[in-house]
There are 2 protein chains.
Amino acid sequence: MTDRRLRADAMNNRARILEVARELLTSTSELPMNAVAKAAGVGQGTLYRNFPTREALLAEVYRADVDTLVASAAPLLELHEAPAALRRWLDNVAEYARVKRGVLAALEPSSGHELATSHTGSIGEAIDLLLDAGKSEGSIRSDVDSQDVLILLGFLSRMDEAEATERADRILDLIVDGVRA
Amino acid sequence: MTDRRLRADAMNNRARILEVARELLTSTSELPMNAVAKAAGVGQGTLYRNFPTREALLAEVYRADVDTLVASAAPLLELHEAPAALRRWLDNVAEYARVKRGVLAALEPSSGHELATSHTGSIGEAIDLLLDAGKSEGSIRSDVDSQDVLILLGFLSRMDEAEATERADRILDLIVDGVRA
DNA sequence: AGGCTATCTGGACACGTGTCCGTTTAGCAA
DNA sequence: TTGCTAAACGGACACGTGTCCAGATAGCCT
C-alpha cells in the first residue's frame with residue numbers, strides 16, 4: 001500500500017504495533033494510542049509515523065473485516081434488486097458495527113474529508129456498486145453518491161448497543177427509502 | 001432551569017463564564033474549556049460544576065438561537081403540509097448550523113443518551129411537532145420519532161462548510177423522503 | 001454582631017493526544 | 001571491515017479534558 005520499501009526494523013515495529021492493537025481490542029473497544037505505543041515497546045513518534053491517526057490504525061487492524069464487508073455487496077445484487085440489496089448490505093454493516101465497534105471508526109472520514117471522494121476507500125466503492133446498480137435500474141435516485149450514504153451511516157458509530165438494537169433497523173430503512181427514486 | 005437558589009458569588013461566576021464564552025466564540029468556533037475558565041477568572045472546578053460538559057455550556061450560550069429555531073417550526077405548519085414544513089424547518093437548522101457551528105454541538109446528545117428520549121430537549125419537541133402533524137395527515141410514517149431524525153441530523157455537525165454547501169441540501173431531502181409514509 | 005455550615009471555589013492531578021527533534025542504527029558502498 | 005547517511009526511533013513536550021478535595025466564604029440563625 002504505502003510501504004515503499006520499509007526498513008527491517010520498521011517492519012517489525014509496524015507488525016508489532018498491529019499485533020498489540022489487535023490484542024488490546026479483544027479486551028475493550030477502546031484503544032489509547034499511548035497504551036499501544038507502550039505495549040508495543042515503541043515511542044509515540046514511531047506509532048504516529050506508522051499510523052497518523054487512530055482511524056489509520058483501526059483501518060489496518062480491521063482491514064480483513066472491511067474486505068469481507070465489501071465483498072459481500074456484489075453477491076447480494078445477484079439475488080435482489082438494488083434497493084433490497086443495499087438494505088441487506090447495510091444490515092451486514094450494522095452487524096459488524098454491533099460486534100466490533102472499531103470497524104466503524106475505521107471507515108469514518110476522521111475529520112475534514114481527505115481529497116474529495118477518493119479517500120472513501122473500499123467501503124465507498126461497495127456502496128457505489130450498490131447505488132450504481134440501482135441507478136441503472138432506475139430504482140435509486142441518480143443524485144446520491146456513496147459519500148452521502150457514508151455520512152448518514154455515521155450514526156451507527158455514535159450509538160451504544162441498547163440504542164442500536166432499538167433504532168438502527170428503522171433508521172437504515174429510512175435511509176434506503178430516502179435514496180429510492 | 002436548574003438554578004435552585006444559587007449563591008450570589010456563584011451566580012456572578014456563572015454569568016461571567018457565559019459572557020466570556022460568548023466572547024471567545026466570536027473569534028473562533030472553538031471553545032477550550034480551560035481557556036474559558038482562565039478568561040473568566042475561575043478554576044476548572046467552578047467551570048465544570050456550572051457546565052458539566054462543553055455541550056451544556058454551548059447549549060446555554062446558544063439558548064436564544066435554539067429557541068428561535070424551535071419557535072420557527074409551528075408557523076411552517078400553517079403554510080405547508082408536514083413533510084414540506086419539516087423540509088423547510090431543516091433548512092433553518094442547516095442555516096443556523098452553517099453560521100454558528102456551535103449550535104449543532106449544543107443539540108448533539110453528547111454521548112450515551114441521557115434518560116431515554118426526554119433529554120432531547122426543545123429541539124426534539126419541535127421535531128415531534130412536525131412529525132406528529134405528518135402522522136395525523138398520514139404523510140409521515142408513524143414509526144419514526146424525533147430522536148431518529150436528530151440522530152441523522154448529526155451529520156451536519158461533522159461537515160465543514162465546503163462539504164455542507166455541496167451535500168447538506170441533498171441529504172436533507174433524502175432524510176425527509178425517508179420519513180415520508 | 002458573630003458563629004456555623006452548606007455551598008462554592010480553584011488549582012493540582014491523572015490521563016490522553018499528537019508533535020517535535022536530538023539520537024540511534026540499518027544497510028549500502030568502498 | 002569500516003564509514004556514512006538517510007531513515008527510523010522514542011521520549012519529552014505542549015496542550016486539552018475532566019476529576020477531586022482541602023480551603024474559603026456567603027448567608028442564615030441565634
Side-chain angles (χ1 to χ4, degrees), chain A residues 1-21 24-25 27-61 101-102 105-106 108-112 114 157-158, chain B residues 1-21 24-25 27-61 101-102 105-106 108-112 114 157-158:
Chain A
M1 207 54 153
T2 44
D3 10 80
R4 176 217 195 67
R5 198 59 100 81
L6 228 42
R7 227 167 69 175
D9 54 343
M11 285 191 58
N12 283 339
N13 277 335
R14 188 186 172 85
R16 197 139 24 82
I17 288 170
L18 282 171
E19 188 185 339
V20 164
L24 289 182
L25 282 170
S27 35
T28 56
S29 66
E30 312 202 348
L31 191 62
M33 293 300 263
N34 62 5
V36 175
K38 196 166 169 190
V42 303
Q44 309 274 70
T46 302
L47 172 56
Y48 279 99
R49 195 161 350 87
N50 277 284
F51 305 99
T53 64
R54 188 198 318 289
E55 284 68 40
L57 176 53
L58 287 172
E60 197 60 30
V61 167
R101 315 222 9 103
E108 285 262 34
S110 60
S111 63
E114 221 109 310
S157 62
R158 285 182 303 287
Chain B
M1 206 54 153
T2 44
D3 8 82
R4 176 213 195 71
R5 198 57 100 82
L6 228 42
R7 227 168 68 177
D9 53 344
M11 284 192 58
N12 283 338
N13 277 337
R14 189 186 172 85
R16 197 139 25 81
I17 288 170
L18 282 171
E19 187 185 340
V20 163
L24 288 182
L25 282 171
S27 35
T28 56
S29 66
E30 312 204 347
L31 191 62
M33 294 300 265
N34 61 5
V36 174
K38 197 167 168 190
V42 303
Q44 310 274 70
T46 302
L47 172 56
Y48 279 100
R49 193 160 355 84
N50 277 284
F51 305 99
T53 64
R54 187 198 319 289
E55 285 67 42
L57 177 52
L58 288 172
E60 198 60 32
V61 168
R101 316 222 9 103
E108 285 261 34
S110 61
S111 63
E114 220 109 312
S157 63
R158 285 181 305 286

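To find a chain, count down the sequence lines: A is the first, B the second, and so on, and within it residues start at 1.
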Phosphate-side-chain proximity, Thr46(A) and dG10(D), N/O vs OP1/OP2 below 4.0 Å: yes
Rounded distance in Å - CG (Leu57(A)) to C1' (dG18(C)): 14 Å
Spacing between Ile17(B) atom CD1 and dC8(C) atom P, to the nearest angstrom: 13 Å
Whole-Å distance separating the CG atom of Asn13(B) from the P atom of dT7(C): 17 Å
Separation of dG16(D) C1' from Glu30(B) CD (nearest whole Å): 11 Å
Nearest-0.5 Å distance, CZ of residue Arg16(B) to OG1 of residue Thr46(B): 9.5 Å
Straight-line distance of Leu18(B) CG to Leu57(B) CG, nearest 0.5 Å: 6.5 Å
Nearest-angstrom distance from the residue atom CG of Leu47(A) to P of dA8(D): 15 Å
Nucleotide nearest Gln44(B) (side chain, heavy atoms from C-beta), chosen from dG10(D), dC9(D), dG11(C): dG11(C)
Residue mapping more 5' on DNA chain D - nearest nucleotide basis, Pro32(B) or Ala10(A): Ala10(A)
Side chain of Arg49(B) - closest among dT9(C), dA12(C), dG18(C): dT9(C)
Donor-acceptor under 3.5 Å (Arg54(A) side chain, Leu31(A) main chain): yes
Rounded distance in Å - CG (Asn12(B)) to C1' (dA26(D)): 12 Å
Shortest non-hydrogen contact between Val20(B) and Ala39(B), atoms and distance: CG1-CB, 3.4 Å
5' priority, DNA chain D, between Asp9(B) and Met33(B) [closest heavy atom]: Met33(B)
Phosphate-side-chain proximity, Arg7(A) and dA6(D), N/O vs OP1/OP2 below 4.0 Å: no
Nearest listed nucleotide, side chain of Tyr48(B), among dG10(C), dG27(C), dG18(D): dG18(D)
Whole-Å gap separating P (dT17(D)) and CD (Glu55(B)): 11 Å
Interatomic distance, Lys38(A) NZ vs dG16(C) P [rounded to whole Å]: 10 Å
Asn50(A) side-chain proximity, nearest of dC9(D), dT17(D), dG16(C): dC9(D)
Comparing Ala35(A) and Met11(B) on DNA chain C - which has the more 5′ nearest nucleotide: Met11(B)
Distance, nearest 0.5 Å, that separates NZ of Lys38(B) from CG of Leu24(B): 12.0 Å
